[in-house]
There are 6 protein chains.
Amino acid sequence: MNYFAILFTFSLLSIITFSHALVEDFCVADYTLPNGPAGYSCKDPAKVTFDDFIFKGLSAVGNTSNIYKSCVTPAFSSEFAAFNGLGLAMARLDFDIDGVVALHSHRTSEVLILTQGEIIAGFISTNNTAYYKRLKVGEIMVFPQSLLHFQLNVGKTPAVAIVTLNSAKPGLQFTDNSLFAGNLPVELVEKTMLLGAKQVKRLKKAFGGSMN
Amino acid sequence: MNYFAILFTFSLLSIITFSHALVEDFCVADYTLPNGPAGYSCKDPAKVTFDDFIFKGLSAVGNTSNIYKSCVTPAFSSEFAAFNGLGLAMARLDFDIDGVVALHSHRTSEVLILTQGEIIAGFISTNNTAYYKRLKVGEIMVFPQSLLHFQLNVGKTPAVAIVTLNSAKPGLQFTDNSLFAGNLPVELVEKTMLLGAKQVKRLKKAFGGSMN
Amino acid sequence: MNYFAILFTFSLLSIITFSHALVEDFCVADYTLPNGPAGYSCKDPAKVTFDDFIFKGLSAVGNTSNIYKSCVTPAFSSEFAAFNGLGLAMARLDFDIDGVVALHSHRTSEVLILTQGEIIAGFISTNNTAYYKRLKVGEIMVFPQSLLHFQLNVGKTPAVAIVTLNSAKPGLQFTDNSLFAGNLPVELVEKTMLLGAKQVKRLKKAFGGSMN
Amino acid sequence: MNYFAILFTFSLLSIITFSHALVEDFCVADYTLPNGPAGYSCKDPAKVTFDDFIFKGLSAVGNTSNIYKSCVTPAFSSEFAAFNGLGLAMARLDFDIDGVVALHSHRTSEVLILTQGEIIAGFISTNNTAYYKRLKVGEIMVFPQSLLHFQLNVGKTPAVAIVTLNSAKPGLQFTDNSLFAGNLPVELVEKTMLLGAKQVKRLKKAFGGSMN
Amino acid sequence: MNYFAILFTFSLLSIITFSHALVEDFCVADYTLPNGPAGYSCKDPAKVTFDDFIFKGLSAVGNTSNIYKSCVTPAFSSEFAAFNGLGLAMARLDFDIDGVVALHSHRTSEVLILTQGEIIAGFISTNNTAYYKRLKVGEIMVFPQSLLHFQLNVGKTPAVAIVTLNSAKPGLQFTDNSLFAGNLPVELVEKTMLLGAKQVKRLKKAFGGSMN
Amino acid sequence: MNYFAILFTFSLLSIITFSHALVEDFCVADYTLPNGPAGYSCKDPAKVTFDDFIFKGLSAVGNTSNIYKSCVTPAFSSEFAAFNGLGLAMARLDFDIDGVVALHSHRTSEVLILTQGEIIAGFISTNNTAYYKRLKVGEIMVFPQSLLHFQLNVGKTPAVAIVTLNSAKPGLQFTDNSLFAGNLPVELVEKTMLLGAKQVKRLKKAFGGSMN
């Protein structure tokens with residue numbers, strides 16, 4: 001058997017596959033380069049290491065000392081560069097007792113697995129039917145693309161859930177924050193939601209949104 | 001020149017292209033067959049006529065005698081069978097004076113062209129920034145995928161706009177209807193939106209939703 | 001209720017969502033950066049304003065003083081930067097009396113709404129069946145992806161139509177221009193279309209194409 | 001080592017993977033069931049055999065005794081059921097001496113490899129630039145999605161090329177056939193192509209299209 | 001305020017949205033109808049209940065008494081009908097001490113979160129570089145589309161991980177099972193893997209594959 | 001007829017289409033600019049020539065003097081820049097007598113056409129069924145997305161096949177090379193493949209992989 005031929009061949013094959021595989025196998029985000037509709041530019045593959053494919057940010061309990069007694073810790077391509085271009089994102093949901101992940105939606109579908117406690121999770125379809133259910137540890141629930149949904153801790157202990165979404169950046173939008181935390185004028189909130197002025201101002205104040 | 005050969009050839013070509021083109025050129029929905037994730041099954045192409053590609057349902061003014069003084073008339077694949085599989089849908093927005101198309105979202109991006117009157121249209125990004133603007137006839141505005149958005153008539157006359165969406169079924173979801181018109185319990189609305197009970201009950205009543 | 005906690009939380013949430021939402025919510029084209037298969041690079045979100053989402057270029061009547069007595073005014077991502085990455089484009093069709101939008105095709109499906117006058121619109125399927133129909137104001141017609149199609153003004157007044165396509169750059173290709181306005185040699189036009197030399201030269205001259 | 005455990009396990013694993021893998025691994029078309037926007041329904045996997053993945057229809061020389069002295073033999077999902085759902089199609093191009101594959105387009109991009117003879121192949125971009133070139137055996141050329149293109153035998157022998165397209169049904173549309181072989185009225189051909197009536201009638205006659 | 005008008009309007013809106021939302025919001029698989037390239041046909045929405053969106057099959061520990069001391073419990077669209085059409089699937093990995101999820105690949109990318117124990121997880125890129133790493137509870141790792149990958153329990157206790165994949169049916173393929181558990185002849189395994197005959201026969205026997 | 005108007009119009013049309021068509025019609029790779037998840041950045045269209053769309057690299061016989069007596073010559077977007085963004089790639093397979101293209105997989109589906117000799121080609125489904133068959137010249141076979149597959153020359157002469165894949169970079173992964181040519185430790189190969197240490201070391205040595 002001609003070992004020279006073998007080694008020559010495989011180094012050749014390696015060069016060939018090397019030259020084209022790097023971009024496509026993965027595209028770890030380089031936040032310093034321009035981004036486009038498909039995501040961030042790719043980090044130089046020669047600089048990609050084992051550690052680029054691991055994310056530790058979901059190991060710690062999130063800070064739930066807030067109005068909702070909950071915390072959403074994202075692992076999107078903006079936090080975990082290896083997700084760039086792969087169509088996956090994750091988040092950790094921490095619920096204190098009575099904690100709520102408020103009504104929200106995003107561009108993608110989502111699957112949730114409950115890893116601690118007991119919650120009610122649900123979504124609302126476009127014909128205004130709410131599908132909600134009490135979940136136990138290890139049970140999973142799916143939330144179809146872009147539909148409004150929510151989760152509440154209904155157990156006697158803190159709860160934890162892990163959600164995965166099929167986009168590197170799902171575009172998480174909380175209804176309350178959209179209406180009350182930003183620059184949407186009070187009058188537009190009233191008219192587009194038919195809410196009373198007092199109610200709107202109370203929530204604008206609570207959420208730190210513009211009061212004009 | 002051998003005309004027999006010619007005719008033979010083109011009838012042959014016709015058979016070939018005929019046999020494979022029918023499904024792919026278009027897939028006019030047959031509502032009587034099973035549907036799947038990609039849409040409805042296709043109507044027998046032999047039964048497809050010119051008229052299948054035309055939809056007249058957007059010519060008439062919509063009925064705006066309702067709480068919002070507005071009407072959304074859809075031309076989705078459920079109303080216009082030819083849209084099935086083509087990734088396009090349309091709707092007509094009619095606004096009476098002071099009419100509002102309330103806060104809503106859908107699975108797809110949308111482009112709006114104002115054909116009559118003067119409106120304010122806007123959307124809210126996921127970092128809670130509202131992008132809104134006064135539009136004049138002939139101006140167009142884009143609403144990115146799945147973000148909450150709205151339109152209000154701010155002119156002295158009725159207004160009309162045409163919107164197009166890049167899915168045969170965009171999945172139109174009105175925030176108010178989701179919360180107040182369906183079966184979502186009052187308590188879940190309060191907790192997931194931080195709204196007061198009185199407010200929620202008032203709107204549940206107005207929207208005909210379940211009061212439990 | 002602990003307002004400090006609330007404000008802290010929401011500013012925190014804002015930072016989180018801010019940091020990841022900017023690219024994905026929209027990607028307004030920055031024409032000065034490199035582009036790729038998915039479109040243009042994204043403009044720095046910090047510099048995006050309300051005005052970026054509005055396009056006024058379709059408000060004006062197009063110049064129809066040409067051989068076809070018609071004008072196609074595009075609003076593609078090359079003209080309307082906000083379309084970049086959103087999979088939508090628009091165009092305005094103006095027809096003088098007897099005006100024609102000549103035979104053409106593009107990469108995407110199209111929906112047309114007639115806003116003024118009366119036209120005949122049609123497309124040809126791959127088994128050589130022409131589907132064409134007289135349209136009245138407010139009626140819509142769909143043109144399936146990449147099939148040859150056309151529109152003619154058959155009314156007694158100028159006509160106007162608005163078309164929407166499900167790609168930020170549909171790649172509009174006019175058959176006559178492809179054959180007669182560019183550098184395709186006369187001999188290749190004759191052979192690939194079976195047209196007579198005189199006919200080809202007449203049209204090459206009219207369209208300003210190369211005569212070699 | 002516990003062989004019973006092993007056999008039990010793998011039969012178990014086999015059942016699990018079997019139960020879900022059959023649809024997804026492949027979806028050989030069953031032409032007797034309804035089809036949809038994504039293609040044909042899948043043949044019962046239990047009835048799929050080795051032979052379903054092989055197609056012999058491109059081995060034989062096509063019949064070139066026609067006006068173009070060429071033949072396009074398709075292997076689309078309508079001829080080769082295994083292509084259904086896999087996003088690939090093929091065709092064989094046979095050219096007699098002076099044979100031409102006339103101007104045409106389709107929904108997808110195409111790559112051509114010349115396996116015999118010598119041809120000129122080209123496409124026209126949407127800014128009316130023709131990119132054409134003389135090809136030798138073994139050379140490949142790419143034709144971008146939906147752009148008009150053509151191939152001519154310029155050698156002294158018959159030529160053969162194999163093309164592959166990235167859709168199970170590319171939707172092959174020949175410009176001449178669309179205009180002259182079907183039911184498009186003479187007047188509409190004249191107006192949408194600016195061709196003279198005599199020319200149109202000559203070709204309508206040659207292509208066997210309707211003369212009205 | 002005219003309540004009749006309100007109720008009329010919203011029931012109207014409900015009918016409209018109802019009529020088109022059913023397919024698109026979700027497409028719970030009906031295993032009794034034909035399936036196609038995009039997945040299963042949709043269950044009649046009128047028969048869809050809360051329970052359709054919950055899956056309990058991942059709560060229980062998998063049976064690891066097998067050659068690998070591990071178990072993969074799938075929640076694909078074939079087990080969890082609500083995943084159909086949503087582009088998501090999940091699986092639970094159970095590892096006994098020294099357990100291994102053997103080398104495998106699938107059509108989609110995957111993200112893994114370790115919920116118990118300590119494992120080494122890794123994948124191999126197409127230039128033959130192995131990216132592997134020791135993971136602790138709560139850490140996540142991504143496995144890019146279709147690349148070979150594996151997981152091993154390296155802790156002193158059983159381990160559990162949850163994986164999510166961005167297809168309703170990822171098409172899990174174990175390299176050993178492909179070579180040794182099925183009908184691939186011994187000679188083809190030897191030649192396509194350069195493995196010795198004795199080795200192949202030993203594994204064929206262990207995996208219960210055909211010995212011819 | 002007003003020729004000035006004509007020329008004015010068409011130069012106008014040319015400018016319009018020119019300004020937007022360049023990116024979209026094609027995106028010839030510029031390897032010097034950043035790349036992203038969708039591929040390489042686009043070469044300046046003004047510098048694109050006819051030659052950019054032709055690739056000659058598959059005309060020559062590949063070097064088969066290696067352990068497999070075969071050669072895979074790729075024409076991916078890394079070798080043929082015009083494939084960038086078009087979703088197509090090609091490769092030439094050369095087999096010496098008894099030559100084998102070893103077990104491998106990739107992100108995309110593949111179609112193979114045999115142009116010389118006689119081979120056995122096959123793939124393995126995820127339920128461990130091998131579908132393999134003897135092919136003659138001109139016959140085609142399809143290999144579904146990401147499934148393990150192989151080809152062997154079983155004729156008395158060298159063989160040649162052309163394969164096309166529906167991605168610009170299919171990500172070719174050879175199982176043997178993944179296990180034995182790179183840095184995957186011997187112990188991990190043994191445990192994840194259940195291969196004996198001697199076997200693994202023999203192949204590691206033959207493939208030039210790390211021996212640790």
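First the proteins, then the strands, lettered A, B, ... as listed; each starts at 1.
Counting heavy atoms from C-beta outward, A:F80 and E:V142 have side chains that approach closer than 4.5 Å. Here the side chains of A:S59 and E:V137 are not in contact, with every heavy-atom distance at 4.5 Å or above. Within the 4.5 Å cutoff, the side chain of A:M90 has heavy atoms near those of the E:I140 side chain. Residues E:F83 and A:V111 meet the side-chain proximity criterion, which asks for heavy atoms closer than 4.5 Å.
Once rounded to the nearest 0.5 Å, the distance linking CG of E:L86 with CD of A:E110 reads 11.5 Å.
For the options A:L88, A:I113, A:D52, A:L58, heavy-atom pairs under 4.5 Å to chain E are most numerous at A:L88. For the set A:T115, A:V48, A:D51, the count of heavy-atom pairs under 4.5 angstrom toward chain E peaks at A:D51. In terms of heavy-atom pairs under 4.5 Å with chain A, the best-connected choice from E:A82, E:A121, E:A130, E:G85 is E:A130. Each of E:L112, E:L135, E:T108, E:T164 has some count of heavy-atom pairs under 4.5 Å with chain A, and the biggest count is that of E:T164.
Below 30°, between 30° and 60°, or above 60°: for E:F50 and A:Y132 the angle between ring planes is between 30° and 60°, a tilted geometry.
Only the backbone of A:T49 has a heavy atom closer than 4.5 Å to any heavy atom of chain E. Contacts between A:L114 and chain E at a heavy-atom distance below 4.5 Å are absent for every atom of the residue. Both the backbone and the side chain of A:I54 come within less than 4.5 Å of a heavy atom in chain E. Interface remark: E:A75 contributes side-chain atoms only to the contact with chain A (heavy atom separation under 4.5 Å). For A:A60, no part sits under 4.5 Å from any heavy atom of chain E, backbone or side chain.
Checking side-chain atoms of A:N166 against main-chain N and O of E:G87 turns up a donor-acceptor pair under 3.5 Å. No donor-acceptor distance shorter than 3.5 angstrom exists from the side chain of A:D25 to the backbone of E:S125, with no hydrogens or angles considered.
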Candidate pair A:F143 and E:F53, rule ring-ring contact (aromatic ring centres under 6.0 Å, His included), full reasoning: CA-CA 8 Å; A:F143 305 89; E:F53 299 101; 9.1 Å; no

